[in-house]
Amino acid sequence: MPGLALGERSGGAAASDAAMAVLIFRLNGVSDDEAADVRALLDAHGFAYHETTGGLLGFGVAGLWLLENGRKAEARAVIDAYECERSTRLAAEHAALRRAGRAETTLQRIARHPLQSLLALMGIAAVLFVVLWPFLTLGR
């Protein structure tokens with residue numbers, strides 16, 4: 001059964017369990033390809049779910065909610081197996097890139113995003129200044 005949009009309900013038993021939907025996968029900080037993979041996995045295994053966003057200001061919970069509370073353990077096992085496989089695959093890809101000398105270094109990342117890097121360094125310096133200021137002026 002494909003995922004449902006926010007506010008939609010599936011028929012049958014899932015509709016009665018909709019009031020007890022359970023968060024099965026948080027989407028905050030998840031890449032688009034991983035989120036798409038998890039949606040496809042849930043669809044392929046016939047789990048009824050709906051998706052929420054973080055809202056306009058990002059204060060809400062962005063996630064996939066399982067509508068059939070009784071299938072939570074089964075859905076969790078499917079997602080956990082996927083995450084384990086994905087982690088292993090990405091680690092192997094990164095190791096291969098490092099061996100080939102094509103993995104992105106910190107300096108390359110700074111060169112690719114100079115303004116973001118400068119702002120981060122300025123933020124770090126400002127926090128250090130605020131934290132250390134009382135100690136630097138202690139003897140005055």
Side-chain angles (χ1 to χ4, degrees):
M1 173 179 287
L4 301 173
L6 182 60
E8 291 183 18
R9 294 185 187 264
S10 62
S16 64
D17 289 342
M20 294 188 281
V22 61
L23 180 64
I24 196 70
F25 190 75
R26 284 187 183 272
L27 293 174
N28 299 81
V30 172
S31 64
D32 291 337
D33 66 316
E34 183 177 5
D37 288 348
V38 171
R39 285 185 206 99
L41 246 145
L42 292 174
D43 288 339
H45 286 84
F47 294 109
Y49 67 92
H50 69 98
E51 182 172 347
T52 57
T53 65
L56 181 64
L57 299 176
F59 293 130
V61 177
L64 300 175
W65 296 78
L66 189 64
L67 297 177
E68 301 165 278
N69 197 12
R71 296 184 68 192
K72 179 181 178 183
E74 182 185 351
R76 190 73 254 162
V78 168
I79 292 171
D80 289 345
Y82 163 76
E83 287 180 332
C84 183
E85 178 273 327
R86 178 181 170 86
S87 175
T88 304
R89 180 174 41 87
L90 290 179
E93 288 175 9
H94 183 69
L97 286 173
R98 287 186 62 161
R99 281 191 302 276
R102 295 192 331 245
E104 185 178 49
T105 64
T106 302
L107 290 177
Q108 289 170 334
R109 195 171 296 136
I110 289 171
R112 194 167 40 111
H113 300 289
L115 183 61
Q116 183 181 16
S117 301
L118 179 65
L119 290 174
L121 287 174
M122 289 172 53
I124 291 168
V127 168
L128 281 174
F129 177 78
V130 169
V131 169
L132 295 176
W133 180 253
F135 299 104
L136 295 174
T137 60
L138 194 62
R140 294 184 185 176

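Please read these numbers as outputs of a predicted model, since none were measured by experiment.
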Do the side chains of L42 and F25 get nearer than 4.5 Å, heavy atoms only?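 Heavy-atom side-chain distance check fails, nothing below 4.5 Å.
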
Over all heavy atoms of both residues, which pair between [X] and [Y] is shortest? Give the atoms and the distance, please.
| X | Y | value |
| --- | --- | --- |
| A111 | P114 | O-CD, 3.5 Å |
| G60 | N28 | O-ND2, 4.4 Å |
| A21 | H50 | CB-NE2, 4.1 Å |
| G54 | A62 | N-CB, 3.6 Å |
| L66 | A48 | CD1-O, 3.5 Å |

So, using side chain to side chain donor-acceptor pair (under 3.5 Å) as the criterion, who are the partners of [X] when residues are at least two apart?
| X | value |
| --- | --- |
| R76 | D80 |
| R89 | E85 |
| S31 | D33, R86 |

Whichever hydrophobic residues join [X] through chains of side-chain contacts under 4.5 Å:
| X | answer |
| --- | --- |
| L97 | none |
| L23 | V61, W65 |
| F135 | none |

Set of residues satisfying side chain to side chain contact (heavy atoms under 4.5 Å, CB included) with respect to T106, sequence neighbours excluded: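 Partners of T106 under the side chain to side chain contact (heavy atoms under 4.5 Å, CB included) test: I110.
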
Looking at residues at least two apart in the chain, or sitting in another chain, which of them share a side chain to side chain contact (heavy atoms under 4.5 Å, CB included) with A35?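 With neighbours one apart ignored, the set is L27, V30, R39.
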
Under 3.5 Å, is there a donor-acceptor pair between the side chain of S87 and the main chain of E83?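 Side chain of S87 to backbone of E83: no pair is present.
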
Take a 6.0 Å sphere around CG of L128 and say whether it holds more than 12 heavy atoms from other residues, nucleotides or ligands.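 Counting other residues, nucleotides and ligands, CG of L128 exceeds 12 neighbours.
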
Interatomic distance, L119 atom CG to I124 atom CD1 [nearest 0.5 angstrom]: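 Those atoms lie 11.0 Å apart.
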
Atom CD1 in I24, atom OH in Y49: separation rounded to 0.5 Å?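 Between I24 CD1 and Y49 OH, I get 12.5 Å after rounding to 0.5 Å.
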
With sequence neighbours excluded, residues passing salt bridge (Lys or Arg N to Asp or Glu O under 4.0 Å) with R71: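 Once residues adjacent in sequence are excluded, the partners of R71 under the salt bridge (Lys or Arg N to Asp or Glu O under 4.0 Å) criterion are E68, E74.
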
Under the salt bridge (Lys or Arg N to Asp or Glu O under 4.0 Å) test, which residues partner D32, sequence neighbours left out?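 D32: no salt bridge (Lys or Arg N to Asp or Glu O under 4.0 Å) contacts found.
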
Name all residues meeting the ring-ring contact (aromatic ring centres under 6.0 Å, His included) criterion together with F129; count only those two or more places apart in sequence or in a different chain, and write none if there are none.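 F129 satisfies ring-ring contact (aromatic ring centres under 6.0 Å, His included) with W133 once adjacent residues are dropped.
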
Under the salt bridge (Lys or Arg N to Asp or Glu O under 4.0 Å) definition, can you give me all pairs with a residue in residues 109-138, not counting sequence neighbours?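 Sorted pair list: E104-R109, E104-R112.
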
